[in-house]
Amino acid sequence: MRAQSAKGPGAPRPAEPPQSPKGTHDILWPESVRWERLIGTFASLSERAAYGLIQSPLFEYAEVFRRGIGEGSEVVGKEMYEFADRDGKMLALRPEGTASVVRAYVQHRPPLPWKAWYVTPAFRHENPQGLRYRQHHQVGVEALGASDPDLDVEVISIADDFFVALGLRRYELKINSMGDEVCRPAYVELLRSVLLERRAELCDEHWERLEANPLRVLDCKRAACREATTDVPRLVDSLCEPCATHFSRVREGLAALEIEAVLDHRLVRGFDYYSRTTFEFASAAITASQNGIGGGGRYDGLVEMLGGPATPGIGFGIGIERVLGACDAEGVFPLDTPALDAFVVDVAGGACARDLTAELRRAGLRADRAFDGRSMKAQMKLADRSGARVALIVGPDELAAGTVSLRPLRTASDQQIVALNDVIAVVAALREDER
RNA sequence: GUGGGCGUAGCUCAGGUGGUUAGAGCGCCAGGUUGUGGUCCUGGAGGCCGGGGGUUCGAGUCCCCUCGCUCACCCCA
């Protein structure tokens, strides 16, 4: 008998069930099957290009992100999960992938060029909305040690190949160059002076931005601001010779690989570490306002910022939730769950269910069974729902004869009697037939 | 951080202007079929109607507060 909590006036109130924190989600089976397949697809594409998996801690000393991403960025300034460790040192949950990977490079100094891929949660304290979470997940790559524009092309093509592999078609690749420490400061000054003349046309929130980071005014969505910045000088026209050459080589390379990229001179990404090439993939199928499915760029100064030797680098992050959202919107990358090879129905005491499922599994077959001595009808129902190809039925008759009744559940074939010794071979053969 | 919308069963949702014991579909469990699932029939379990306070003879319904979810702004994956 199960102990029932007494109901009535004196009964203690059951505690309210806890919920996952705001902006976080559980991914249950079978939805988790798509995650496994998505990550597996990304891993295989990255490893094909000689990127190796990196696992690094989910939290870092907060200064890794402060120095890397930038004190003035929105993410570090007001969204980072930051807390004091028990010994008082400030830690932070990773808000994005790149800074940790670069920190790991500086710490271990593997031979260059060094190419790594990752899959990781990322944490930002934002107000959640459609396809925006406090914990989201990214796959990504980082490549350090080469400033060759062909490396930019390689990195971008991995992302593009990944989207193609999933079946996505309705997305756009936007690309821009942020220049470098030679040409960008001059452009920023130029832009600031032009925008100061037009400050009356800009929305108020940009006024202080003009001082700190005039570039960010360019990506404002408001029509008035866009109007005021349409004929403003463009960063791509102010690049120094090396940056201009690099950028055109990148564009040539993408064209050679038949990857369509549109120049977006307003593309100004939010982390301070970017230089030269920046890019972003946006889904046209997602109706929610958050349609950026991936983005990245070159960060030639970042390794130095984190205390390493001058080392160029480039990478991207792709948001798993948003990519799956785009797949849903396009009706691609459907969920398909792998079938069980067999479900053992035992109405003769249960010993056979125990032993036969173990044998099937040791033989590399996928098998399940029912517990708690359920009725045959109930067990058959579970067998059906499990998606198994066949039910292996063992009752007193079979037990006495040393056989199993093999009942197909997905086809109209007849039920057959199989010797217990042959069951594994027969089930394995059925699996092969299916392929 | 700032606004709008919504909270009723495991899920999706009904419940005109307050009025007996709060409903449906799906799902779950059992039986019909004591050895056969998927169809069908019958029955059953499962609800502090998000929480608290107020108005009222009476609140799922009206008012206030609060929490949660959600969409949008900001920003980003």
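A, B, ... follow the sequence lines: proteins, then strands. Residue 1 opens every chain.
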Position toward the 5' end of RNA chain B (nearest nucleotide), Gly292(A) or Lys78(A):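 Closer to the 5' end of RNA chain B: Lys78(A).
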Residue mapping more 5' on RNA chain B - nearest nucleotide basis, Glu96(A) or Leu382(A):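 Its nearest nucleotide lies further toward 5', so the answer is Leu382(A).
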Show me the dot-bracket string of RNA chain B, counting Watson-Crick or G-U pairs under 3.5 Å, with | for pairs to another strand and [ ] for crossing ones. (((((((..((((.....[...)))).(((((.......))))).....(((((..]....))))))))))))....
Looking at the side chain of [X], which of [options] is the nearest nucleotide?
X: Lys381(A); options: rG38(B), rA77(B), rG68(B); answer: rG38(B)
X: His25(A); options: rG38(B), rU70(B), rA77(B); answer: rU70(B)
X: Gln129(A); options: rC28(B), rG68(B), rC73(B); answer: rC73(B)
X: Met380(A); options: rU36(B), rC69(B), rG68(B); answer: rU36(B)
X: Glu79(A); options: rG68(B), rG38(B), rC75(B); answer: rC75(B)
X: Asp384(A); options: rU70(B), rC71(B), rG38(B); answer: rG38(B)
X: Glu126(A); options: rG37(B), rA30(B), rA77(B); answer: rA77(B)

For [X], which contact category applies under a 4.0 Å heavy-atom criterion: base, sugar-phosphate, or nothing?
X: Phe316(A); answer: nothing
X: Glu74(A); answer: sugar-phosphate
X: Arg410(A); answer: base

Taking the [atom1] atom in each of [N] and [M], what is the distance between them to the nearest angstrom?
N: rU70(B); M: rG23(B); atom1: C1'; value: 26 Å
N: rG44(B); M: rG27(B); atom1: C1'; value: 14 Å
N: rU66(B); M: rC57(B); atom1: C1'; value: 29 Å
N: rG16(B); M: rA45(B); atom1: P; value: 26 Å
N: rG50(B); M: rG35(B); atom1: P; value: 46 Å
N: rG4(B); M: rG10(B); atom1: P; value: 31 Å
N: rG46(B); M: rA30(B); atom1: P; value: 16 Å
N: rC40(B); M: rC26(B); atom1: P; value: 8 Å

Between the base of rC74(B) and the side chain of Arg132(A), is there any donor-acceptor pair under 3.5 Å?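 Yes, the side chain and the base share a sub-3.5 Å donor-acceptor pair.
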Side chain to side chain, [X] and [Y], heavy atoms closer than 4.5 Å:
X: Glu82(A); Y: Arg66(A); answer: yes
X: Ile424(A); Y: Leu360(A); answer: yes
X: Glu142(A); Y: Ser100(A); answer: no
X: Met178(A); Y: Leu215(A); answer: yes

Between the protein and nucleotides 33-35 of chain B, are there any N/O to N/O pairs under 3.5 Å, and if so, what are the atom names and distances?
unit_1  : atom_1 : unit_2    : atom_2 : d
rG35(B) : O6     : Asp397(A) : N      : 2.8
rG35(B) : O6     : Asp397(A) : OD1    : 3.4
rG35(B) : O6     : Asp397(A) : OD2    : 2.9
rG35(B) : O6     : Glu398(A) : OE1    : 3.2
rG35(B) : N1     : Glu398(A) : OE1    : 2.6
rG35(B) : N1     : Glu398(A) : OE2    : 3.0
rG35(B) : N2     : Glu398(A) : OE2    : 2.5

Please determine, by modelled atom types, if Glu398(A) and Ser405(A) share a side-chain donor-acceptor pair under 3.5 angstrom.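 Glu398(A) vs Ser405(A): donor-acceptor pair found between side chains.
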What is the separation between atom [atom1] on [X] and atom [atom2] on [N], rounded to the nearest whole Å?
X: Arg266(A); N: rC75(B); atom1: CZ; atom2: P; answer: 14 Å
X: Asn127(A); N: rU70(B); atom1: CG; atom2: C1'; answer: 11 Å
X: Leu93(A); N: rA77(B); atom1: CG; atom2: P; answer: 17 Å
X: Leu406(A); N: rG37(B); atom1: CG; atom2: P; answer: 17 Å
X: Arg322(A); N: rC75(B); atom1: CZ; atom2: C1'; answer: 10 Å
X: His125(A); N: rC74(B); atom1: NE2; atom2: C1'; answer: 14 Å

Where Val345(A) and Gln379(A) come nearest, the two heavy atoms and their spacing: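 So the minimum-distance heavy-atom pair works out to CA-OE1, 3.3 Å.
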Asn291(A) (side chain) donor-acceptor with Ile286(A) (main chain) under 3.5 angstrom: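 It does not hold such a pair.
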Any chance OH of Tyr81(A) has more than 12 other-residue heavy atoms, nucleotides or ligands included, within less than 6.0 Å?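 Count over threshold, so yes.
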Greater than 12 external heavy atoms within 6.0 Å of Leu263(A)'s CG: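 Atom CG in Leu263(A) is crowded, with more than 12 foreign heavy atoms closer than 6.0 Å.
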Using a 5.5 Å cut-off between ring centres and planes within 30 degrees, is His137(A) stacked on the base of rA77(B)?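 Base of rA77(B): not stacked against His137(A).
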Residue among Asp219(A), Thr229(A), Asn176(A) satisfying side-chain hydrogen bond (donor to acceptor under 3.5 Å, both in side chains) with Arg266(A):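 Looking at Asp219(A), Thr229(A), Asn176(A), the match for Arg266(A) under the side-chain hydrogen bond (donor to acceptor under 3.5 Å, both in side chains) is Thr229(A).
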Stretch residues 280-290 of chain A: residues that reach within less than 4.0 Å of RNA chain B through a heavy atom: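 By residue number: Ala288(A), Ser289(A), Gln290(A).
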With respect to Thr120(A), which candidate in Val101(A), Leu58(A), Ile320(A), Ile54(A) satisfies the side-chain contact (heavy atoms from CB on, under 4.5 Å) definition?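 Result for side-chain contact (heavy atoms from CB on, under 4.5 Å) with Thr120(A): Leu58(A).
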Give the C-alpha distance, both sets of side-chain angles, the deciding distance and a yes or no for salt bridge (Lys or Arg N to Asp or Glu O under 4.0 Å) between Asp336(A) and Arg34(A). CA-CA 8 Å; Asp336(A) 74 316; Arg34(A) 296 176 90 205; over 6 Å; no
